[in-house]
Amino acid sequence: MTPALSLVPVWTAILAVGVFLYVALDGFDLGVGMLYGFAPTRGDRNFVMNSIAPIWDGNETWLILGIVGLFAAFPVAFAIILPAVYFPILLMLLALIFRGLAFEFRYRDAEHRTFWDHGFAYGSALAAFAQGLVLGAFIQGFHVEGRQFVGSSFDCFTPFSIITGLSLMAGYALLGAGWLIIKTEGSLQAWSRDLGRRCLIATTISIAIVSVWTPLMDHTIEARWFDWPDIAYLAPVPLVTAALVAFEWRALSSKSHYSPFFGALALFLMSYLGISISLWPMIVPGHFTLEQAAASQSTQAFLLIGTLFLLPIILLYTAWSYWVFRGKVRADVGYH
């Protein structure tokens, strides 16, 4: 009897793409939110907010896809990871909610506009930091017995996860600067380029620290990167990353409108690839592989039907919204 074709690679690809699209799309608008607090004038802040106003809430669709996909396709991983990172996820959701409120009330509550300005900036920063905490906790692993998380809810707050939290903030800010370069012009674009160079320095330092720290925490990861012949196969990853840093620096110093954003995206892609190489094929590091944590074949097949129907629709309306709101931000068009 011919064994059934495994759907685990399909669901792995769907979740991997969904997570990266969330990081890329919601990452830049969280980055714009963090940079918003540094805008020189109230008029500049209006331009900064209007640059993401038409698309920011749609970007969070990919967060929902990632969480629901993890629950449906890899329930064992969901049951372990969610309790382990409960507090960072709670902080992230509260920050995203408050950030959304700031969008609305900044224009409707002029008397307290400064409060909502701070709420938008700090909400964006806290959401980015919380996501970095989740990433750091995931990389360092969880205390598991059987199929249950048995550690403390505060295990996710470690020096490593705090560093990854700050690193993700720097990376998101770099993406945000790249987006503002696309959407603005004149002095505000020059301001975005200047901040982008500072964010690139912070991002580069962060990538270096996390890249060195990660294999030091786990001998399996260390062996994967540095044992022969793996070191020969994987050497292009840090080399390409270094080349992208140089490219991004030149792009931020040039007159290009699009290169800084796509260079930052490429840096995120290489970092994403590096983390994937370090942990593959584990979905609960040190305990469960993707195959071991997966739902039954029939469950995956049933869910895949709906997902393959909805995913193109999500991609189409996302692409359409970006196309409709393309071009530079204007003072007479925005969020009112």
Side-chain angles (χ1 to χ4, degrees), residues 8 11-12 14-16 18-20 22-23 26-27 30 60 62-97 125-169 171-172 206 209-211 213-222 224 271-272 274-295 299-300 303:
V8 170
W11 274 106
T12 301
I14 290 172
L15 286 180
V19 169
F20 181 75
Y22 174 75
V23 168
D26 206 38
L30 289 174
E60 294 174 359
W62 299 102
L63 176 63
I64 298 170
L65 175 68
I67 294 175
V68 173
L70 181 66
F71 170 73
F74 301 98
V76 174
F78 182 89
I80 293 171
I81 295 172
L82 263 290
V85 294
Y86 173 80
F87 282 117
I89 288 181
L90 179 62
L91 288 174
M92 178 189 72
L93 294 176
L94 291 174
L96 290 175
I97 291 170
L126 181 57
F129 180 68
Q131 290 175 20
L133 285 177
V134 172
L135 175 62
F138 178 76
I139 293 173
Q140 69 190 11
F142 311 108
H143 298 293
V144 177
E145 288 183 6
R147 293 190 169 197
Q148 292 184 330
F149 172 68
V150 295
S152 165
S153 298
F154 297 100
D155 287 350
C156 56
F157 297 96
T158 65
F160 178 76
S161 66
I162 291 171
I163 288 295
T164 56
L166 296 173
S167 300
L168 198 61
M169 289 175 67
Y172 280 178
S206 299
I209 292 173
V210 173
S211 298
W213 199 335
T214 299
L216 292 178
M217 292 192 305
D218 191 311
H219 292 301
T220 303
I221 297 176
E222 181 184 9
R224 175 163 296 180
S271 300
Y272 192 51
I275 294 170
S276 301
I277 290 171
S278 297
L279 300 179
W280 178 266
M282 309 303 294
I283 192 171
V284 181
H287 298 282
F288 292 99
T289 65
L290 290 158
E291 289 283 352
Q292 292 168 338
T299 300
Q300 292 184 51
L303 294 167

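In this text the structure is predicted, and so the values were computed from the model without any measurement. Numbering starts at 1 and runs along the sequence shown.
At a threshold of 4.5 Å between non-hydrogen side-chain atoms, the residues I283 and L70 count as touching. Counting heavy atoms from C-beta outward, T214 and D218 have side chains that stay 4.5 Å or more apart. Between V23 and Y172 there is a side-chain heavy-atom pair separated by less than 4.5 Å. Side-chain contact between L279 and F138 is present, with at least one heavy-atom pair separated by less than 4.5 Å. Between L82 and I89, some side-chain heavy-atom pair lies under the 4.5 Å cut-off. L133 is not listed as a side-chain neighbour of V85, based on a closest heavy-atom distance of 4.5 Å or more.
Using a distance-only test at 3.5 Å, with no hydrogens or angles considered, no donor-acceptor pair links the side chain of Q300 to the main chain of A73. In this structure, the side chain of R224 engages the main chain of W280 through a donor-acceptor pair within 3.5 Å. Using a distance-only test at 3.5 Å, with no hydrogens or angles considered, no donor-acceptor pair links the side chain of H287 to the main chain of G141. Formation of a donor-acceptor pair under 3.5 Å by the Y272 side chain with backbone atoms of A16 is found in this model.
Between F78 and P83 the shortest heavy-atom distance is O-CD, 3.9 Å. Among all heavy-atom pairs drawn from P88 and V134, the shortest one is CB-CG2, 3.7 Å. The two atoms that bring L15 and L65 nearest to each other are CD2-O, 4.3 Å, heavy atoms only. Across all their heavy atoms, A130 and L91 have their closest contact at CB-CB, 4.3 Å. Here the shortest heavy-atom pairing between C156 and A137 reads CB-CB, 3.6 Å. I221 and S278 get closest at one heavy-atom pair: CG1-O, 3.5 Å.
To the nearest 0.5 Å, atoms CG (L63) and CD (Q131) are separated by 7.0 Å. Atom-to-atom distance recorded for F160:CZ and I209:CD1 is 11.0 Å, nearest 0.5 angstrom. For the atom pair I139 CD1 and M282 CE, the distance stands at 14.5 Å (nearest 0.5 Å). A distance of 10.5 Å separates CG of L30 from CG of L126, quoted to the nearest 0.5 Å. With values rounded to the nearest 0.5 angstrom, I80 atom CD1 is found 8.0 Å from R147 atom CZ. Interatomic distance, F149 CZ to H143 NE2, rounded to the nearest 0.5 Å: 7.0 Å.
Screening T158, T164, D155 against Q140 for a side chain to side chain donor-acceptor pair (under 3.5 Å) leaves a single residue, T158.
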Derivation and outcome, side-chain contact (heavy atoms from CB on, under 4.5 Å), residues V150 and F142:
CA-CA 8 Å; V150 295; F142 311 108; over 6 Å; no
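In this pair, F87 and F157 present their aromatic rings tilted. The plane angle is within the 30 to 60° band.
The local environment of CD in Q148 is sparse, with at most 12 non-hydrogen atoms from other residues, nucleotides or ligands closer than 6.0 Å.
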